[in-house]
Structures are given as C-alpha cells and as structure tokens.
Number of protein chains: 2
Amino acid sequence: MSTPSPKHALFEQFALVAKTLGHPQRLELIEQLGQGPRSVDLLAEKLRLPIANVSQHLQVMRRAGLVVAERRGKFVVYALSGGSVLEAVASLQRIAKANLAEVDKIVRGYFDQRDALEPISREELAARVKDGLVTVLDVRPEDEYALGHIPGAINVPLTELERRVQSLPQGQEVVAYCRGAYCVLSFEAVDILRNRGLAARRLADGMPEWIAHGLPVDRSISLP
Amino acid sequence: MSTPSPKHALFEQFALVAKTLGHPQRLELIEQLGQGPRSVDLLAEKLRLPIANVSQHLQVMRRAGLVVAERRGKFVVYALSGGSVLEAVASLQRIAKANLAEVDKIVRGYFDQRDALEPISREELAARVKDGLVTVLDVRPEDEYALGHIPGAINVPLTELERRVQSLPQGQEVVAYCRGAYCVLSFEAVDILRNRGLAARRLADGMPEWIAHGLPVDRSISLP
DNA sequence: TTGATAATCAATGATTTCGTTGAATGATTG
DNA sequence: CAATCATTCAACGAAATCATTGATTATCAA
C-alpha cells in the first residue's frame with residue numbers, strides 16, 4: 001500500500017525507538033548518559049570507541065528521540081531526552097533477566113558467589129545513611145563521582161580499591177554502588193571487600209535510579 | 001577479543017530484547033497478545049500476514065524472551081512472557097510521543113481530519129439516536145449485550161467486527177461504545193471502522209455510565 | 001492408514017544496518 | 001587570520017535482517 005494506515009505509521013515510530021535501543025553500545029551510551037549529560041568526546045573515551053562511531057550512534061539516538069543534543073562552546077553535550085528512556089531500559093533488563101537463560105548464565109558464571117547476599121535497596125540504604133550505620137562506597141571513576149554522588153559516599157575507584165581498602169572505616173558494613181543494576185563495578189568491589197574480611201553488600205541499582213527517585217545528590221568533591 | 005567481557009555479554013542480551021521489539025509487526029503481535037494467548041493461525045489472520053512470516057516473528061520473540069509458546073493440540077498458543085513486556089512497550093510509546101514530531105503529526109492528521117478525536121457525549125448521542133442520525137454500535141461480547149444495551153444499538157462484538165463491517169448501514173456516522181470510559185474495545189472498533197473508511201466516533205464512556213444517568217436501556221435481544 | 005490442518009524449517013535475494021575512512025564544518029584560541 | 005580541537009558528513013564494503021517460497025514435521029480426524 002502506498003499510504004500505510006495511521007496505526008501502522010505509529011507502530012513504525014514505536015519500532016524505531018526500540019530498534020535504536022537494540023544495540024549494545026548504544027545501551028552503554030545510555031548507561032553513561034543516565035549519570036548526566038556528556039560530550040561526544042568523553043563518551044568515546046569511556047567506551048573506547050572511535051569518536052566518529054560514537055557520534056553516529058548519538059545521532060541515530062537523537063533521531064529516535066532517545067537523547068537531545070546541545071552545543072556548548074566547542075562541545076556538543078548529549079543528554080537523555082527523559083526519564084522514560086531509563087524506564088525502557090529497565091524493562092528490557094527485567095525481561096532479559098526473567099526469560100533469557102543466557103543472562104542467568106552470565107551473571108552466575110561471572111558474578112556468582114560475589115553476590116551471595118541480597119543487594120540492599122535504595123530505601124534501606126537511604127535510611128541507614130541517615131543513621132550513619134554504613135560506609136557508602138562509590139566505585140565509579142573519579143570523574144563520574146565528581147559529577148554527582150550519594151551524599152557521604154566515599155569515592156574509591158575500583159582500580160584503586162585493593163590498594164586503599166584498609167583506609168576504609170573498619171567496623172561498619174560497606175555498601176558499594178556504581179552506574180546501575182547491571183554495572184559490574186559494584187559486583188567486583190563487593191568481591192574484593194569480602195575477600196578482605198569486610199561486611200560488604202551491593203546497592204541493588206545505581207546512581208541514575210537514585211537520581212530518578214529524587215533522593216539527595218551531592219555534587220561537591222570530597223576527597224576521601 | 002575472543003572472550004567478550006561479561007559486561008558486554010550482558011548488554012548484548014539486553015540489546016537482543018530491544019532489537020526484537022524493533023519491528024512494527026512484532027509490536028502489533030504484542031498488542032494482540034496483550035489481550036490474551038493466541039494461536040499462530042489467529043494472529044496471522046488478525047495481522048493479515050502469511051502464517052510463515054508470523055511464525056518466524058513469534059520464534060524470534062520467543063528466543064528474545066518476549067513470548068512463550070505452548071502446544072495445545074493442533075495449535076501452538078503464544079502468550080506474553082510477563083508484564084514487563086507491556087511495560088517496555090509503554091515506555092517506547094511514551095518516548096516516541098514525547099520526542100518524535102512525526103508521532104504528533106500522525107495523531108493529528110489521523111484524528112483531526114475526521115473530527116473524531118473528541119468522543120461524543122452521552123447527551124449528544126441520546127439526542128442523535130432520537131433523530132435516527134447515527135448507527136449505535138455495541139462492541140461488547142454477546143452475553144454482555146444481552147444483559148442490557150442502548151436502545152437501537154447493534155451488537156457486533158469486536159472479534160466479529162472486521163468480518164461484519166460491510167453489513168452496517170453505510171451512509172451514517174457510527175458511534176461505538178463498550179464497557180466504560182477506558183474500555184479499549186471501542187477504541188479498537190473506531191480504529192477498524194476508520195480503516196474501512198467509515199465515519200466512526202466513540203462514546204465518551206460506556207454502558208455503566210449510561211445506566212447510572214437514568215438513560216433508557218433495552219434488555220431485549222435484537223438480532224442484527 | 002490416509003488426508004487435512006497447524007506450524008516450522010531451510011534457503012534465497014532484497015534491503016538495511018554497521019563500522020571505518022578521510023574529508024568537511026563549527027567554534028575557540030593564539 | 002591561521003591553527004587547533006570537537007564534531008559531523010559522505011561513502012564504502014561487510015554483515016545482519018527481512019519476506020517469500022516451497023518442503024517438512026506434528027497432530028487430529030476420517
């Protein structure tokens with residue numbers, strides 16, 4: 001048919017959004033943007049991809065309404081177009097986790113036993129932070145920490161954790177978090193900490209979800 | 001790299017789910033399955049697509065964890081794998097509506113043209129019925145119709161509408177109603193009728209409200 | 001057993017998407 | 001203005017996806 005029915009035209013648009021989400025590196029870009037607006041430059045460096053490639057991906061995502069771009073001087077800063085994007089990704093993860101044996105296999109094969117204990121929920125952590133009962137550990141790289149973190153969180157990037165583990169408060173439970181529910185950094189951090197005998201747990205999700213639920217964010221830099 | 005990092009392997013899985021959602025006809029299949037489990041046969045008929053094609057799509061969706069299949073006698077019945085699937089689709093729609101100008105254009109062009117965006121009110125309908133200006137269409141299942149309907153309304157359950165659409169009075173505007181303001185049947189009925197070129201509108205609410213406001217109810221059975 | 005119906009499989013060519021390359025644009029700095 | 005940096009554009013071949021076709025398997029009924 002030359003003129004598709006409006007209904008199909010709409011489905012076409014919805015499919016465009018989904019199709020655009022259907023690429024691992026674009027999902028990784030979204031994970032990064034979930035923590036805040038970023039330049040093409042920085043994203044390319046984070047993902048270790050050619051700048052041109054990242055630029056292409058971002059433009060595809062812009063055309064699909066997933067991100068918005070704003071020129072700021074020399075840079076073009078991209079940001080998520082809205083909260084629905086992270087919601088969509090969260091749904092994808094839920095579907096995959098619940099129905100794809102492969103996901104279980106990956107998670108179990110690589111992270112199992114590192115996560116023997118239940119992860120701690122946002123609400124629980126927020127409450128304990130108020131009571132000063134836990135040490136909150138942000139294991140993302142320094143620059144991501146600087147752009148916003150959970151108040152009171154200590155930043156020890158995963159790469160330095162082993163070296164600096166003894167500088168952490170000893171008697172307390174440690175809760176590690178990073179970029180999101182499937183960010184591997186916090187898994188690895190908990191593993192390291194447990195091996196050193198600390199009571200360590202993992203936040204069930206990460207920074208973007210913390211922000212999305214309106215919990216307080218500290219944008220100042222506090223050196224550990 | 002020979003062995004992709006577990007992180008990348010996970011993103012690969014999430015992307016698979018999204019990629020699978022990224023096809024208009026698969027989204028339409030999900031819309032159908034959102035109403036309940038269906039056989040390949042029936043889905044193919046609904047979408048007016050070759051059975052082999054629908055079967056392929058369903059299998060792709062099964063591999064991506066979106067649907068599950070169960071053989072029931074001669075038939076294979078597919079169903080959504082869980083609620084997250086509809087959540088994901090809802091997010092897609094929200095993203096598209098909020099950020100894609102194209103969607104606005106389609107919706108506007110679609111509804112404006114026929115002055116049908118506005119549902120018709122109870123009072124207006126009651127007046128027009130008296131003048132015999134409209135065909136009133138009850139798209140609920142037969143048993144619900146039998147228990148009470150708007151006088152003069154013709155019962156054509158949504159499931160049969162497509163088949164019986166040509167038996168409706170042709171020159172007149174059609175007003176469809178069903179169970180209530182948010183009952184989807186009347187939306188779909190209007191959609192079907194418009195695709196067939198009829199001037200169709202939707203009653204703002206449904207039968208319960210009609211009764212509640214003391215308007216006349218016909219409890220006899222009139223075969224169309 | 002045979003025939004009919006429902007669904008899947010296998011294979012093909014057409015179309016789309018992807019990553020890379022190198023050149024072009026836009027904006028700031030010297 | 002020239003030099004530089006950040007980003008985008010254009011174009012290419014490689015790879016993946018799609019719809020279609022015809023053959024094949026599974027189940028039921030006669």
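Each chain gets a letter, A, B and so on, in the order the sequences are listed, and its residues count up from 1.
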Checklist outcome for this item: Scoring nucleotides 8-18 of chain C by protein non-hydrogen atoms under 4.0 Å (B base, S sugar-phosphate only, - none) yields BBB------SS

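The CG-C1' distance, from B/Asp41 to C/dT5, rounds to 9 Å in whole Å. For the pair B/Leu47 CG and D/dA19 P, the computed distance is 11 Å after rounding to whole Å. One can place CZ of A/Phe75 at 10 Å from P of C/dT29, the figure rounded to the nearest angstrom. What separates CD of A/Glu45 from C1' of D/dC5 is a distance of 15 Å, to the nearest Å. Distance CG (A/Leu43) to P (D/dA6): 14 Å, rounded to an integer number of Å. When the P atom of D/dA16 is taken as reference, atom CG of B/Leu16 falls 14 Å away, rounded to whole Å. Taking atom CZ of B/Arg48 as the reference point, atom P of D/dT20 lies 15 Å away to the nearest angstrom. Rounded to an integer number of Å, the gap from B/Glu12 CD to D/dA15 P is 16 Å.
At a threshold of 4.0 Å, the pair A/Lys46-A/Glu28 does not count as salt-bridged, since none of the basic side-chain nitrogens sits closer than that to a carboxylate oxygen. One finds a salt bridge joining A/Glu70 and A/Arg72 here, because a Lys/Arg side-chain nitrogen approaches an Asp/Glu carboxylate oxygen to under 4.0 Å. Salt-bridge formation is not detected for the pair B/Arg63/A/Glu102: no Lys NZ or Arg NE/NH1/NH2 atom is positioned less than 4.0 Å from an Asp or Glu carboxylate oxygen.
A/Phe187 carries A/Arg202 over the face of its six-membered ring, with the cationic atom under 6.0 Å from the centre and within 45° of the normal.
Residues A/Leu147 and A/Arg219 are not in side-chain contact: their nearest non-hydrogen atoms beyond the backbone lie 4.5 Å or more apart. Taking 4.5 Å as the limit, some side-chain heavy atom of B/Phe11 sits within range of a side-chain heavy atom of A/Glu31.
The residue among A/Leu49 and A/Lys74 whose nearest nucleotide of DNA chain C lies closer to the 5′ end is A/Leu49.
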